[in-house]
Amino acid sequence: AVLSPLGIVLGITAVVTAFFQNIRWRQVMQLLLIFTVLPVNSGLYTGLYLFAGIISFFNRKEYGCFDGWFLLLFILLLNPLRLVVEGNGIVLDFSTLASNISASAMLVFLTADSTIKTYRYIKRWLQSCFLSSNKS
């Protein structure tokens, strides 16, 4: 119940701020992760949803310092090997847990990055508006 409103806020923020992202693969991946993380029934199609974003990631000529972390999150997200532990009537699927955590972490990181870029863009825009009005 607590995560549902947070998910809605994160989804709206991700959609609004994605357009201020200046790195194309991050913009594409952020919008695609909304379809993967927020709906409950999209887990089976995660690889298919994120295919365009992953291709965009590997299509770059230059990589930044954080791109290695995103590569690790891609590996955890799309890991085909399953690690299931059973005991005392409890079944723990660590692979699904790692996949869910990595998709959520990637969405949070990308949304935070684009939110910072949105803030900087709006700040520069406001400064240019006030500086141009003060000169006249």
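Residues: numbered from 1 along the sequence shown. Note: hydrogens, waters and symmetry copies are ignored here, and every other heavy atom, side chains too, is used.
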Identify whether Phe51 and Leu78 are in the same connected component of the hydrophobic contact network (ILVMFWY, side-chain heavy atoms under 4.5 Å). no

Could you measure the distance from the CG atom of Leu72 to the CG atom of Leu76? Nearest 0.5 Å is fine. 5.0 Å

Look up atom CZ in Arg60 and atom CD1 in Ile55, then write down how far apart they are to the nearest 0.5 Å. 14.5 Å

Between Ala18 and Ser114, what is the shortest heavy-atom contact and its length? N-OG, 4.3 Å

Could you please spell out the steps behind the side chain to side chain donor-acceptor pair (under 3.5 Å) verdict for Gln27 and Arg24? CA-CA 5 Å; Gln27 182 183 33; Arg24 186 68 171 171; 3.0 Å; yes

Of all heavy-atom pairs between Thr13 and Val9, which one has the smallest distance, and what is that distance? OG1-O, 2.7 Å

Looking only at the aromatic ring of each residue, does the gap between the centers of Phe70 and Trp25 stay below 6.0 angstrom? yes

Answer yes or no: is there a donor N or O on one side and an acceptor on the other, between the side chain of Gln21 and the main chain of Arg26, under 3.5 Å? no

Quick check for you: to the nearest 0.5 Å, what is the distance between Leu107 atom CG and Leu110 atom CG? 7.0 Å

For Gly64, does its backbone N or O pair with a side-chain atom of Asp67 as donor and acceptor, under 3.5 Å? yes

Report yes or no: does Ser99 contribute a side-chain atom to a donor-acceptor pair with the main-chain N or O of Leu77 at less than 3.5 Å? yes

Distance in Å, Ser56 OG paired with Ile23 CD1, rounded so as to fall on 0.5 Å steps: 12.5 Å

Taken to the nearest 0.5 Å, the spacing of Ser102 OG from Phe109 CZ works out to 10.5 Å

When rounded to the nearest 0.5 angstrom, what is the spacing between CG in Leu73 and CZ in Phe66? 12.0 Å

Looking only at atom types and distance, does a side-chain atom of Gln30 sit under 3.5 Å from a main-chain N or O of Ala14, one as donor and one as acceptor? yes

Flag the pair Tyr63 / Phe58 as yes when at least one side-chain heavy-atom distance between them is below 4.5 Å, and no otherwise. yes

Compute the centroid of each ring, for Phe57 and then for Phe74, and state whether the two points are separated by less than 6.0 Å. yes

Report yes or no: do Ile116 and Ile122 belong to one cluster of Ile/Leu/Val/Met/Phe/Trp/Tyr joined by side chain heavy-atom distances under 4.5 Å? no

Closer than 3.5 angstrom, by distance alone: can the side chain of Thr111 be matched with the main-chain N or O of Val108 as a donor-acceptor pair? no

